[in-house]
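Lettering of chains follows the sequences in order, A, B, ..., and the numbering in each one begins at 1.
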There are 2 protein chains.
Amino acid sequence: MTELREELIESIEQHFEKRELSQIKLILSELNPADIAEILETFPNNQRLLFFRLLKKEDAAEVFVELDGDTQEALIHTFSDNELREVLDELYLDDAVDIIEEMPATLVKRILKNTDTETRKSINALLKYPDDSAGSIMTPEFVDLKKDMTVEDAFKRIRRTGVDKETIYTCYVTDASRHLIGVTTVKELLLHEYEDMIEDFMETNVIYVNTLDDQELSASLLGKYDFLALPVVDMEERLVGIITVDDAIDVIQEENTEDIQKMNAMLPTEKTYLKTSVFETWKSRFPWLLLLMVSATFTGSIITGFEEKLKALTILTAFIPMLMDTGGNSGGQSSVTIIRAMSLGEVNFKDYFKVIWKEIRVGLACGVSLAAVNFIKIWIVDRMLFNNHEITFFIDLAICLTLVVEIVFAKFIGSTLPMLAKKIGFDPAVMSSPFITTIVDAVSLLLFFGISTAVIPQL
Amino acid sequence: MTELREELIESIEQHFEKRELSQIKLILSELNPADIAEILETFPNNQRLLFFRLLKKEDAAEVFVELDGDTQEALIHTFSDNELREVLDELYLDDAVDIIEEMPATLVKRILKNTDTETRKSINALLKYPDDSAGSIMTPEFVDLKKDMTVEDAFKRIRRTGVDKETIYTCYVTDASRHLIGVTTVKELLLHEYEDMIEDFMETNVIYVNTLDDQELSASLLGKYDFLALPVVDMEERLVGIITVDDAIDVIQEENTEDIQKMNAMLPTEKTYLKTSVFETWKSRFPWLLLLMVSATFTGSIITGFEEKLKALTILTAFIPMLMDTGGNSGGQSSVTIIRAMSLGEVNFKDYFKVIWKEIRVGLACGVSLAAVNFIKIWIVDRMLFNNHEITFFIDLAICLTLVVEIVFAKFIGSTLPMLAKKIGFDPAVMSSPFITTIVDAVSLLLFFGISTAVIPQL
């Protein structure tokens, strides 16, 4: 794939130099818009407009959609009004809105000036929906049928209006006041006779979302029901748009990236990694690092509180990193598992006691097995092999007891905090490893010093 | 949604008690298969078969697919051969294979005995593809056309054979020896005249995968090109199946879950959280905890090496947790960002130097800003407010210098290791926070003790 692309780019470059534009046209006409967009972006800015002008008219808008925001902006700047209008005419409305949202105000003005009144009205309506709402990703272009149409009427309507629709395969049946009363598919239509009436076979139990519902809900419904499109209704339950399955995939990937960023102590960024500037990356990473750094100083002050005892038995200090890391990792495992299970809808707050009961048992199993390994390792490797006779049976015991208790605690707090966060309306993804680690670190040290004082005779 | 479901379940239970089965039938006939499956699973095992028998025939197989493995197994045990055959006849082949893969050998035998010879042959062929390959998730049921068909012929063929196909909207054009030579869609067909020839408008630049390609590749191609289905060819380039977009969504979610598990020191599990037993959960978590615990003891031995100096200046110990946590978090941020960018195809190994150069600058920015905050905080809070005059200017300086250097190092190693892992064929997701943290911990301590010895006059 990549090799083929390199070859293509090279041969296009050569044709460019020799001004063999018809050759380039020929190559491009064979390619998929997504691939053309990738190739176009490898060319320098001043050649991109020329490159774009070589595209078939029906491809141009599709290629344009696949370009990244900066390239789109640069191209629009160099477009004539005529060219701009041609591209805009071919864009699906949801794509047009996505593009406009990224543009500076002056360009938006120019774009809107070059659309017809009706389109402009639709675009302005779509722009008003909040970020991440179903309304913001829907397209108002869908096939609507009436219940008293026959299959033949339906096909006529699809043939007449379908060319501009993003998908024609799911058709929505609306009444006179545009309320959604049924749904059918082209597959159903094809499998029925020409004279059959839509209302006799349409599905009346329609699953839909509201314009203000979260885009994540739409994506998960599309995934759950294996639909190709999901209808979106407004406050008055009128059908105003649809969300197509390809948009759902984008939403799923976006939301996953956002979750992964939050789980690892970063504020979400919207751009791809290489397009994000150093300053923006810093801005997304610094706040959490700062918060966690300041929190970790509390852990430090716990050590200060035990300074005298540590002076008496410095060997204990050597086990602090192991205890802190293991606690943090154990808690992180639980929190991440629960956050993911909640975001996939596998676990709800009503499962809280089931979850905790399970995590405590897993924690005990992990704790006891790790402690057993550790006990033997400390005794054989640290005491006998490295001849470190400072290590007594009681020290070994204190370390391993701490391990068991801290792991059970880590699993408990690691599963509780994300569920609690969700319950009170916060994003559970934030309650993940780094945050849990900071809490578990402090508790682990308190446990370690407490257990050591109780168990080790010298202290 | 959930409230509605609770109500539904309650009313079905009441009808059950009163033996009003036709009422239940009526309720179920209105629901979507995915919802029926969810409701069925809330009923006790001994009622499920009765419940299942109330379903409309055309819904039964669709509901069955949505059930989880244990329920499917229990139901098959109680099915008569006749019932089993009815469900199997209605299943799409890829779903049948998914189900069979989870069943014990005796049940598989019974299932295969109840399918006709041709289906059995197809199922056996599909079962042979490796896990996670395109072949293992494809279905051999697709619409194939010939290039010399007219639009009218094509529609006739779709009407005749379409009812059994998972999707009819993408149609593949094959030659006499089943080689894939083109693709078209029902939308294209609908927008052309009845007498037009397929070969005059079919798309000949077909994007496809090989049966042995990774399922992740198929999913990402479906996402990239916004296809509804992707053709799969065998070693001889013959069309053998298709992968539909709803399967791609499942693959994307599965792969994301797997990545998140690996990123957080867990071995991937296939079942949902609540279905995974305590022992299985332990098995997925213990190995990484053990490995990281043992690695962390090296960090401990670094402390042992500096025991004498720490005895002289115990206050340094108090800053170890903060330095370790901040280093680990910084490295985790980078590794997770790079792993995600690679899995989305945004970053490749050829971008290595771009990535490193960026991470080093972000590291410097984070390091200097955190060090500045920390320097002032230690001076004002720890020294002046808490009157801790053990802290000198040089101690403060050593801590903050360590912060800057360790963060730059953490960002460097956190972005390098995942890229290197991918380059040599390992899964980069494993090179994430917990693993990076362990390395960064050790290096941070070495830096801390080294810089302290150089900077602080007492040491």
Side-chain angles (χ1 to χ4, degrees), chain A residues 30 32 34 158-159 163 168-169 186-187 190-191 205 223-226 245-246 249 252 256-257 260 264-266 272-273 278 281-282 285-286 289 292-293 296-297 299-300 303-304 307 311 314 317-319 321-322 325-326 329 332-333 336 340-341 346-347 358 361-362 365-366 369-370 434 441, chain B residues 30 32 34 158-159 163 168-169 186-187 190-191 205 223-226 245-246 249 252 256-257 260 264-266 272-273 278 281-282 285-286 289 292-293 296-297 299-300 303-304 307 311 314 317-319 321-322 325-326 329 332-333 336 340-341 346-347 358 361-362 365-366 369-370 434 441:
Chain A
E30 291 289 307
N32 186 294
I158 293 172
R159 276 173 189 270
V163 71
I168 60 165
Y169 301 131
V186 166
K187 184 174 178 181
L190 279 174
L191 300 175
N205 168 37
K224 177 177 171 190
Y225 296 111
D226 294 347
V245 66
D246 53 301
I249 292 183
I252 289 174
N256 278 324
T257 304
I260 290 176
N264 291 279
M266 285 175 277
T272 62
Y273 176 74
V278 170
T281 309
W282 174 83
R285 296 187 187 175
F286 176 72
L289 285 182
L292 294 169
M293 182 181 85
T297 56
T299 319
I303 296 188
T304 320
E307 228 176 272
K311 258 184 197 157
T314 338
T317 321
F319 295 97
M322 185 274 286
D325 278 355
T326 308
N329 289 332
Q333 288 179 332
V336 158
R340 183 69 183 160
E346 293 168 7
V347 164
K358 184 169 165 185
R361 283 179 297 161
V362 174
C366 288
S369 45
L370 287 175
D441 277 355
Chain B
E30 291 289 310
N32 186 294
I158 293 172
R159 275 174 189 272
V163 71
I168 60 165
Y169 301 131
V186 166
K187 185 173 177 183
L190 279 173
L191 300 175
N205 168 38
K224 177 177 171 189
Y225 295 111
D226 294 348
V245 66
D246 53 301
I249 292 183
I252 288 173
N256 277 324
T257 304
I260 290 175
N264 290 281
M266 285 174 279
T272 61
Y273 176 74
V278 170
T281 309
W282 174 83
R285 295 185 187 176
F286 175 73
L289 285 181
L292 294 170
M293 181 182 84
T297 56
T299 319
I303 295 189
T304 319
E307 228 175 272
K311 257 185 197 156
T314 337
T317 321
F319 294 97
M322 184 275 288
D325 278 356
T326 307
N329 289 333
Q333 288 180 331
V336 158
R340 184 68 182 159
E346 293 168 6
V347 165
K358 183 169 165 187
R361 283 178 297 161
V362 174
C366 288
S369 45
L370 287 175
D441 278 355

* Heavy-atom distance under 4.5 Å to chain A: side chain of B/R285, backbone, both or neither? -> both
* To do: Identify which part of B/D325 has an atom lying under 4.5 Å from any heavy atom of chain A, answering side chain, backbone, both or neither.
  => side chain
* Output the option from A/D226, A/V347, A/I158 having the highest count of non-hydrogen pairs under 4.5 Å with chain B. => A/D226
Please classify the contact of [X] with chain B as side chain, backbone, both or neither, using a heavy-atom distance under 4.5 Å.
{"X": "A/F319", "answer": "neither"}
{"X": "A/I168", "answer": "side chain"}
{"X": "A/A365", "answer": "both"}
{"X": "A/R159", "answer": "both"}
{"X": "A/D441", "answer": "side chain"}

* Structure fact -> side chain to side chain contact (heavy atoms under 4.5 Å, CB included) filter on B/I252, not counting sequence neighbours, yields A/I249, A/I252, A/Q253, B/A219, B/N256
Spatial distance of atom [atom1] ([X]) from atom [atom2] ([Y]) [nearest 0.5 Å]:
{"X": "A/M266", "Y": "A/T257", "atom1": "CE", "atom2": "OG1", "result": "10.5 Å"}
{"X": "A/T299", "Y": "B/M322", "atom1": "OG1", "atom2": "CE", "result": "10.5 Å"}
{"X": "A/T317", "Y": "A/I303", "atom1": "OG1", "atom2": "CD1", "result": "8.0 Å"}

* To do: Indicate the atoms forming the closest heavy-atom contact of B/W282 with A/C366, along with that distance.
  => CD1-N, 3.4 Å
* Quick one: closest heavy-atom pair of B/Y273 and A/E346, and the distance? => N-OE1, 3.3 Å
* Any sub-3.5 Å donor-acceptor pair from B/N205's side-chain atoms to A/E30's backbone N or O? -> yes
* Which of the residues B/T314, B/T281, B/T326, B/V245 is involved in the greatest number of heavy-atom pairs with chain A at under 4.5 angstrom? -> B/T314
* Structure fact -> Checked B/T304, B/L289, B/L292, B/T272 vs chain A; the most non-hydrogen pairs under 4.5 Å come from B/L289
